[in-house]
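Numbering starts at 1 and runs along the sequence shown. Just so it is clear, the structure is predicted and the values come from calculations on it, not from any experiment.
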Amino acid sequence: MNMRKKVLVVGGTGYLGQHLLQGFAGINDSPYDLAFTHRSNSTPPRLLLDAVPNSLAFHVDLLTGDGFEAISNQFGRPDIVVNCAAISVPRSCEKDAVTAMSVNVPSSLVNWLSIFQEKDGNTLLIHLSTDQVYEGAKSFYKEDDETVPVNVYGKSKVASERFISEKCPNFAILRSSIIFGPQTISPVPKSLPIQWIDSVLAKGERVEFFHDEFRCPVYVKDVVAIILSLTNRWISENKQMQLLLNVGGPDRVSRVQMAEVVADVRGYDRACIKSVSAASVDRGVLSPADISMDISRLVQTLNFVPTAFRDGVKLTLEIAEKT
């Protein structure tokens, strides 16, 4: 009996995707065969391939589903699929709502998985959602609170959650807050939050940060650990799961407070941090004010101990100094 399990990371060249592939590959005597999808480039980055040398890479278009057949033929039915792929910049979603909905609601992925469901049993789908499904009118949202997103990005993720809940018998949906941590092995083009704050404060000039938007930023290696834990549970128990979890850090912080922690860790002058209201800036998209999350279900379900925001910042900047 083959004890090895097949894991497919959809969006494997993105920020979380790369960290996740390294997390799976870094397990001693790893029992996993790995594959990942990429979309932005015709070939995956060499640095990533070198870091995860035994993985298979597939070019997949989530809009059309082109590329999934190649996975079927060369990799076979995955036991676990982690969907990290999304258009996650709210302004981009606002500008092209049709594409955002088409990509963020993983219909082509789910339809492909349904083929295996009919023949070979269930695959566990772990899907990354967002805290922006919440309205932002209070603190510490629970999973059972009503989802009233204020922008297209949040609406697309609510639609994706509903689609998966209706179509998939075996899933875990993770509503993630801001994910922060060290840069990926193959650097991603998007700005990383802690690194960006560090770079602007290092100049010694005054920079504006919002004092009235609150999130529960989560350390990237915590997210990887959560996904590995869910994977282990599925393999060991072999029971279908239908989980919805808030995935945030233990601290509710504003952008100002995030900047203050970076300043303290680096020894920068806090006077460079100018506190302003989010209402004073037009970002071209509505943003919820307070989408901090209650993560007690996550902690209890997985017996999980999250990394404090300050500790995560220290780890992020320590790694940045070494690279």
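Taking the side chain as every heavy atom from C-beta outward, Arg266 and Leu201 never approach each other to under 4.5 Å. Side-chain contact check for Ser296 versus Asn246: every heavy-atom pair is 4.5 Å or farther apart. Here the side chains of Val9 and Cys84 are in contact, with some heavy-atom distance below 4.5 Å. For the pair Phe214/Ile291, no side-chain contact is recorded, criterion being any heavy-atom separation below 4.5 Å from C-beta on. Between Ile71 and Val60, the closest side-chain pair of non-hydrogen atoms falls below 4.5 Å. Contact annotation: the side chain of Glu205 never approaches that of Cys272 to less than 4.5 Å [non-hydrogen atoms, C-beta and beyond]. Side-chain atoms of Ser176 and Asp131, non-hydrogen and from C-beta on, never get closer than 4.5 Å to each other. The closest side-chain heavy-atom distance from Lys221 to Thr307 is not below 4.5 Å.
Criterion: ILVMFWY side-chain heavy atoms under 4.5 Å apart, direct or through other members. Under it, Leu124 and Leu20 are part of a common hydrophobic cluster. A single hydrophobic cluster is not seen to contain both Met241 and Leu244; linkage of ILVMFWY side chains at heavy-atom distances under 4.5 Å, directly or through other members, places them apart. In the hydrophobic cluster analysis, where Ile, Leu, Val, Met, Phe, Trp and Tyr join through side-chain heavy atoms closer than 4.5 angstrom, Val152 is grouped apart from Leu286. Both Leu48 and Val223 sit in one connected hydrophobic cluster of ILVMFWY residues. Membership requires side-chain heavy atoms under 4.5 Å apart, directly or through other members. Residues Val305 and Leu174 are members of separate hydrophobic clusters, defined by side-chain heavy-atom contacts under 4.5 angstrom among Ile, Leu, Val, Met, Phe, Trp and Tyr.
The closest donor-acceptor contact from the side chain of Ser280 to the backbone of Ser277 lies under 3.5 Å. A donor-acceptor pair under 3.5 Å is absent between the side-chain atoms of Arg255 and the main chain of Val276, judged by distance alone. Put simply, the side chain of Asp198 never gets that close to the backbone of Ile194: no donor and acceptor are under 3.5 Å apart. Within the 3.5 Å criterion, the main-chain N or O of Pro306 finds no donor-acceptor partner in the side chain of Asp222. Under a 3.5 Å cut-off, the side chain of Ser156 and the backbone N or O of Met101 do not form any donor-acceptor pair. Gln18 places no side-chain N or O within donor-acceptor distance of the main-chain N or O of Gly12, the cut-off being under 3.5 Å. A donor-acceptor pair under 3.5 Å is absent between the side-chain atoms of Asn151 and the main chain of Val285, judged by distance alone.
Between atom CZ of residue Phe116 and atom CG of residue Leu113 there is a gap of 7.0 Å, rounded to the nearest 0.5 Å. Expressed to the nearest 0.5 Å, how far CG of Leu245 lies from CD of Glu143 amounts to 6.0 Å. To the nearest 0.5 Å, atoms CG (Leu49) and OG (Ser186) are separated by 9.0 Å. The distance from the CG atom of Leu62 to the CD1 atom of Ile87 is 9.5 Å, given to the nearest 0.5 Å. Put simply, CZ on Arg252 and CE on Met293 are 13.0 Å apart, with the number rounded to the nearest 0.5 Å. For the atom pair CG (Leu16) and CG (Leu128), the distance works out to 5.0 Å, reported to the nearest 0.5 Å.
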key: Val150 vs Val148, side-chain contact (heavy atoms from CB on, under 4.5 Å): CA-CA, chis, key distance, verdict   = CA-CA 7 Å; Val150 301; Val148 188; 6.0 Å; no

request  = Using the side-chain contact (heavy atoms from CB on, under 4.5 Å) rule, take Tyr219 and Thr316 through it: C-alpha gap first, then chi angles, then the decisive distance, then the call.
outcome  = CA-CA 9 Å; Tyr219 188 52; Thr316 297; 3.6 Å; yes

Worked check of side-chain contact (heavy atoms from CB on, under 4.5 Å) between Thr231 and Phe24 = CA-CA 10 Å; Thr231 299; Phe24 275 109; 3.8 Å; yes

task = For side-chain contact (heavy atoms from CB on, under 4.5 Å), just list the numbers for Ile235 and Asp79, CA-CA rounded to whole Å, side-chain angles, deciding distance to a tenth of an Å, and then say yes or no.
result = CA-CA 9 Å; Ile235 292 171; Asp79 297 285; 5.9 Å; no

inquiry  = Could you go through Asp290 and Arg215, starting from their C-alpha distance and side-chain angles, then the distance that decides it, and tell me whether this counts as salt bridge (Lys or Arg N to Asp or Glu O under 4.0 Å)?
reply    = CA-CA 6 Å; Asp290 187 345; Arg215 309 284 291 274; over 6 Å; no

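Between His19 and Tyr15, the ring planes lie perpendicular to each other; the angle is over 60°, past the 30° to 60° tilted range. Taking the six-membered ring for Trp and thresholds of 30 and 60 degrees, Tyr134 and Tyr141 have nearly parallel ring planes, at less than 30 degrees apart.
For Phe163 against Pro106, the heavy-atom pair with the smallest separation is CE2-O, 4.1 Å. Shortest non-hydrogen contact noted between Gln242 and Cys168 is NE2-O, 4.2 Å. When all heavy atoms of Leu298 and Val247 are compared, the pair lying nearest together is CD2-CA, 4.2 Å. Taking both residues in full, the closest heavy atoms of Ile273 and Arg206 are given as O-NH2, 4.0 Å, listed atom of the first, atom of the second, then distance. The two atoms that bring Pro78 and Thr123 nearest to each other are O-OG1, 2.6 Å, heavy atoms only. Here the shortest heavy-atom pairing between Glu161 and Val133 reads OE2-CG1, 3.9 Å.
Tested against Asn83 for a side chain to side chain contact (heavy atoms under 4.5 Å, CB included), the candidates Leu125, Ile173, Val110 yield a single pass: Leu125.
Side-chain contact annotation: Ser160 with His127, donor-acceptor N/O pair under 3.5 Å present. Judged by distance alone, the side chains of Glu213 and Ser287 do bring a donor and an acceptor atom under 3.5 Å apart.
For the pair Lys157 and Tyr153, the cation-pi test (distance below 6.0 Å, angle within 45°) is failed. In this structure, Lys6 forms a cation-pi arrangement with Phe75, its terminal cationic atom sitting closer than 6.0 Å to the ring centre and no more than 45° off the ring axis.
The aromatic ring centres of Phe68 and Phe58 sit 6.0 Å or more apart.
Environment of CG in Asp269: crowded, with over 12 heavy atoms of neighbouring residues, nucleotides or ligands closer than 6.0 Å. Other residues, nucleotides and ligands contribute only 12 or fewer heavy atoms inside 6.0 Å of the NZ atom of Lys142.
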